[in-house]
Amino acid sequence: MEKGINMEDYSLDELEQEKSRLEYTKNYMNIVLKEAQINQGALQETVRDAISNEEALDSSLSYINYLTNSKFLQLATTELNILKRILDAPYFARIDYQMKGKSQKDVYYLGKTSLFEKDTQKPIIVDWRSPIANVYYDGRLGEVAYEVNEETIEGYLSLKRQFKIEKGNLLHYQDIDLTTTDELLQQSLAGKADQRLTEIISTIQAEQNEIIRADLNRPIIVQGAAGSGKTTIALHRISYFIYNYARYFQPEQLMIIAPNNMFIGYIAEALPDLGVEKIRQTTYLDYVLLCIGKKMKVIQSNKKLLSFINHGNKQEEMIKWLSRYKGSLAYKKVMDHYLSDICEEMSPKEDFRVEKFPLYGAKKLERLFKQEYDYLPLVKRKEKIKGILQADLKRKKKIILTKLEDKYEEALDRALRIKEDEKRKERVVYFLDTKEERLATVKKEASTAVRKYMKTMPTHDLYKYYTRLFEDKELLRKYTEGSLTEKQLDFMIAFQQRILKQKKVEIEDLGALFYLQYKIFGIDKEYRAKNIVIDEVQDYSEFQLYALKAGLETDMFTLVGDLAQGIHSYRGLQNWDALQQTVFPRANYMTLQKSYRTTIEIMFLANEILHLLDQDLPKVKPVVRHGEKPTVHLYDEKHVLVGRMLLLADGLREEGFHSIAIIGKTEEECKVIFKEMQKRKVPNVQFLQENEELERNHLIIVPSYLSKGLEFDTVFLFTLNESFTQEEIDLKLLYVAMTRPMHRLHLFTQEKSALLLDRVDKSQYTLKKVEEEMNGGSYE
């Protein structure tokens with residue numbers, strides 16, 4: 001266990017003492033960085049020498065040394081980069097902890113990585129992920145305990161101190177307890193949106209810490225309210241995992257599946273600070289297509305969402321039904337029945353022969369294919385059979401040829417004993433010619449026998465298999481076990497045939513396609529991961545998640561989402577219970593219901609919208625941080641609206657708010673505002689498209705459905721010709737838009753009803769009640 005530095009030797013007053021401690025830390029870090037650079041240079045030279053000396057690499061011992069040095073170089077580079085990044089703010093907190101049975105307290109300074117004195121091995125900085133740091137995040141002052149190596153360490157926590165350090169200077173510090181206001185948290189929340197992601201380590205709260213450090217050997221499902229920090233907490237859990245399993249686990253074995261590429265860019269800055277630079281980051285769509293290895297045109301999911309928002313499709317209910325069905329485990333059952341037929345079709349049905357010689361019986365081969373190799377994908381089983389036949393033929397070919405030669409030698413002996421000259425000559429010539437012809441035939445057949453036999457085990461490509469599923473109504477009826485009506489069967493066949501004929505699929509099809517890929521062809525080991533984080537998981541279906549778990553052959557998933565933000569609920573999850581029961585039975589389920597993003601006043605209005613949903617959704621409790629009430633701006637003309645927005649934006653920038661978003665219901669509404677701004681030649685305006693990265697210090701115009709997961713200082717939420725209705729999708733989109741700002745929310749509309757504000761005005765739920773709940777009450 002780490003032993004802290006004894007601070008009782010200091011006689012200076014506390015502020016000077018802390019300044020002195022900071023200077024000592026920075027000086028020591030600079031020394032370490034210089035030494036590390038020298039050592040790194042020596043390691044690089046060693047690796048270069050090893051690479052240039054090919055003869056040395058032929059030696060297994062030299063090769064092992066080369067790999068070891070390369071590994072050390074990799075580690076040294078990573079640690080060096082982290083130390084460089086934290087030099088301006090080496091730590092963020094201090095704890096004084098006295099172990100039970102010891103006479104003096106130890107002092108620990110917590111930062112993003114550990115740093116020890118070279119000679120004494122005393123910690124100068126303690127990593128926030130270390131066991132002792134847990135008492136900072138979870139413990140109140142007094143008697144507290146923490147776990148290390150399955151041992152409980154008891155002791156007394158006498159001090160929790162937070163530091164504000166910028167550019168290497170100590171600005172101030174604050175001593176805290178759970179019963180006092182967490183000043184560092186309040187400062188962070190009062191800060192700007194573009195700074196928050198990298199600062200969260202210093203302000204992790206007890207309920208967030210519990211999730212980060214929850215059992216690392218079990219999957220976890222997290223219901224996290226808007227602004228609860230679920231995304232960054234998931235990233236910190238990865239960092240904590242790497243810290244604990246660094247010796248056994250490489251960052252490359254972990255994977256983040258993000259909702260879109262824009263989100264990947266959004267979290268990119270935070271990952272290096274967490275020591276997870278080499279973690280794989282991808283979207284679900286990109287990952288499935290990579291594993292399938294085929295170029296498929298996937299219809300944009302937002303097109304379907306928009307058709308539902310606009311209610312412009314006469315077949316809306318049937319389309320929603322099919323989306324839900326394709327994401328259900330009932331559809332997975334259809335695939336299993338279909339796969340049984342594919343297995344039957346592909347399995348061996350004939351004896352393996354060369355010329356007239358039987359080498360392997362059909363029943364034996366069928367048993368191998370269906371039973372002995374049932375743990376393998378179908379095509380891999382086929383490859384196994386091929387390997388067996390090739391090896392068997394190679395072994396038996398010589399025997400067959402020897403037997404044939406012996407047979408013809410015997411026949412020739414008999415022919416030579418024939419007394420009649422003409423007949424003897426005729427028989428000898430016949431056997432000699434037949435022998436050569438027969439031996440040539442056997443050799444020729446042997447060279448192609450395996451290849452010809454494998455053609456009796458037909459294989460198609462994935463797209464052909466999936467297309468074929470919808471070509472026979474009676475077969476599909478059999479696979480669905482008669483659970484669908486005629487109308488549903490007809491609609492599914494017609495819909496699927498139409499899009500597949502265009503060489504297109506929907507995102508809802510990807511669960512089935514990934515599952516079929518896994519079962520028929522397998523998932524390349526290069527593309528697998530052992531530990532997976534999925535954000536916005538409420539937008540996934542049970543089948544998509546089941547297929548990922550099956551194909552990756554692991555259940556070690558960290559799943560974070562918010563049902564209240566499930567704008568794709570027609571194809572996504574309806575509740576967490578079903579997911580836990582059917583797909584992740586080992587999973588821990590935890591909640592984050594405090595919102596750290598926005599003020600009480602803004603969250604109050606957003607919760608009012610949530611109350612209009614006829615669903616039992618977890619309600620959000622904002623932390624006690626007040627701000628301005630959301631402001632309603634009524635306008636008459638479009639040009640008046642844009643003028644007000646620009647004037648207000650200028651004033652907000654003067655106040656220091658540079659992260660400002662203009663959010664409309666749909667892309668069409670946003671285009672109108674964007675074109676108006678282009679006419680006025682407004683600089684630094686970005687009309688955000690799907691998978692685009694946010695431009696810094698730009699005025700961002702974004703449709704509501706693309707704003708999910710983003711965070712801004714201020715949001716201008718507007719309506720033009722479209723209104724938000726009380727349909728589930730509309731309510732969730734409105735809720736998402738209202739929960740994007742940290743500080744200010746401005747509502748622009750021609751009529752209050754367009755933003756459902758008339759419904760909110762009639763509510764009996766008051767701000768006073770919110771505050772009462774913040775002080776210990778609970779939602780009914």
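Only heavy atoms go into these numbers, but all of them, side chains included; no hydrogens, no water, no symmetry mates.
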Return the minimal non-hydrogen interatomic distance between [X] and [Y], and the atom names on each side.
X: A550; Y: Y518; answer: O-CZ, 3.3 Å
X: L368; Y: I388; answer: CD1-CD1, 3.8 Å
X: A133; Y: R213; answer: CB-NH2, 3.9 Å
X: M255; Y: T282; answer: SD-CG2, 3.9 Å
X: N209; Y: I204; answer: N-CG2, 3.6 Å
X: A547; Y: G511; answer: CB-O, 3.5 Å

Who are the side-chain hydrogen bond (donor to acceptor under 3.5 Å, both in side chains) partners of D341, not counting sequence neighbours? K478, Y479
Whether the [X] and [Y] side chains hold a donor-acceptor pair (N or O, under 3.5 Å, no angle test) is what I'd like checked.
X: Q544; Y: K326; answer: no
X: T283; Y: N260; answer: no
X: H568; Y: Q538; answer: no
X: D127; Y: S130; answer: no
X: Y331; Y: D336; answer: no

Is it true that [X] and [Y] make a salt bridge, defined as a side-chain N closer than 4.0 Å to a carboxylate O?
X: D374; Y: R381; value: no
X: E372; Y: K384; value: no
X: E542; Y: K332; value: no
X: R324; Y: E508; value: no

Might you work through the side-chain hydrogen bond (donor to acceptor under 3.5 Å, both in side chains) test for Y245 and N217, ending with a clear yes or no? CA-CA 11 Å; Y245 292 102; N217 296 306; 3.2 Å; yes
Report yes if the side chains of [X] and [Y] come closer than 4.5 Å at any heavy-atom pair, otherwise no.
X: I319; Y: K304; result: yes
X: M335; Y: Y466; result: yes
X: M457; Y: S347; result: no
X: N134; Y: P131; result: no
X: F514; Y: L548; result: yes
X: I238; Y: I279; result: yes
X: Y373; Y: L378; result: no
X: I221; Y: Q580; result: yes

Is a donor on one side and an acceptor on the other found under 3.5 Å between the side chain of [X] and the backbone of [Y]?
X: K519; Y: L339; answer: no
X: R571; Y: G327; answer: no
X: R280; Y: Q253; answer: no
X: Q502; Y: R498; answer: yes
X: D286; Y: L289; answer: no
X: K349; Y: E344; answer: yes
X: Q517; Y: G522; answer: yes
X: D524; Y: E526; answer: yes
X: R237; Y: A214; answer: yes
X: Y137; Y: W128; answer: no

Taking [atom1] in [X] as the centre, count heavy atoms belonging to other residues, nucleotides or ligands within less than 6.0 Å. Is the count above 12?
X: K370; atom1: NZ; value: yes
X: E471; atom1: CD; value: yes
X: E692; atom1: CD; value: yes
X: N149; atom1: CG; value: no
X: Y515; atom1: OH; value: yes

May I have the step-by-step check of side chain to side chain contact (heavy atoms under 4.5 Å, CB included) for K380 and F521, ending in yes or no? CA-CA 7 Å; K380 301 289 183 187; F521 303 97; over 6 Å; no
Let's go through D509 and Q496 carefully: what are the C-alpha distance in whole Å and the side-chain angles of both, what is the deciding distance for side-chain hydrogen bond (donor to acceptor under 3.5 Å, both in side chains) to 0.1 Å, and is it a yes or a no? CA-CA 10 Å; D509 293 302; Q496 291 296 101; 3.0 Å; yes
At what distance, to the nearest 0.5 angstrom, does [atom1] of [X] lie from [atom2] of [Y]?
X: F369; Y: I385; atom1: CZ; atom2: CD1; result: 7.0 Å
X: T558; Y: I257; atom1: OG1; atom2: CD1; result: 11.5 Å
X: D461; Y: I292; atom1: CG; atom2: CD1; result: 11.0 Å
X: L552; Y: D555; atom1: CG; atom2: CG; result: 11.0 Å
X: I233; Y: I211; atom1: CD1; atom2: CD1; result: 7.0 Å
X: I520; Y: H460; atom1: CD1; atom2: NE2; result: 10.0 Å

Could you walk me through whether Q208 and H236 pass side-chain hydrogen bond (donor to acceptor under 3.5 Å, both in side chains), step by step? CA-CA 10 Å; Q208 296 173 323; H236 284 71; over 6 Å; no
With side chain to side chain contact (heavy atoms under 4.5 Å, CB included) as the criterion, how do I507 and I299 come out once you've worked through the C-alpha distance, each side chain's angles and the decisive distance to 0.1 Å? CA-CA 7 Å; I507 198 161; I299 300 167; over 6 Å; no
Going by atom type alone, with no hydrogens or angles, which donor-acceptor pairs under 3.5 Å involve a side-chain atom of residues 527-534 and a protein atom two or more places apart or on another chain?
| residue | atom | partner | partner atom | Å |
| --- | --- | --- | --- | --- |
| R528 | NE | I523 | O | 3.2 |
| R528 | NH1 | E553 | OE1 | 3.2 |
| R528 | NH2 | I523 | O | 3.2 |

With [X] as the cation and [Y] as the aromatic partner, state whether NZ or CZ is under 6.0 Å from the six-membered ring centre and within 45° of the axis.
X: R468; Y: Y465; answer: no
X: R129; Y: Y240; answer: no
X: K549; Y: F584; answer: yes

Carefully, step by step, assess I220 and D215 under the rule side chain to side chain contact (heavy atoms under 4.5 Å, CB included). CA-CA 9 Å; I220 188 169; D215 191 345; over 6 Å; no
For D562, run the side chain to side chain donor-acceptor pair (under 3.5 Å) check against Q223, K230, K708 and tell me which one passes. Q223
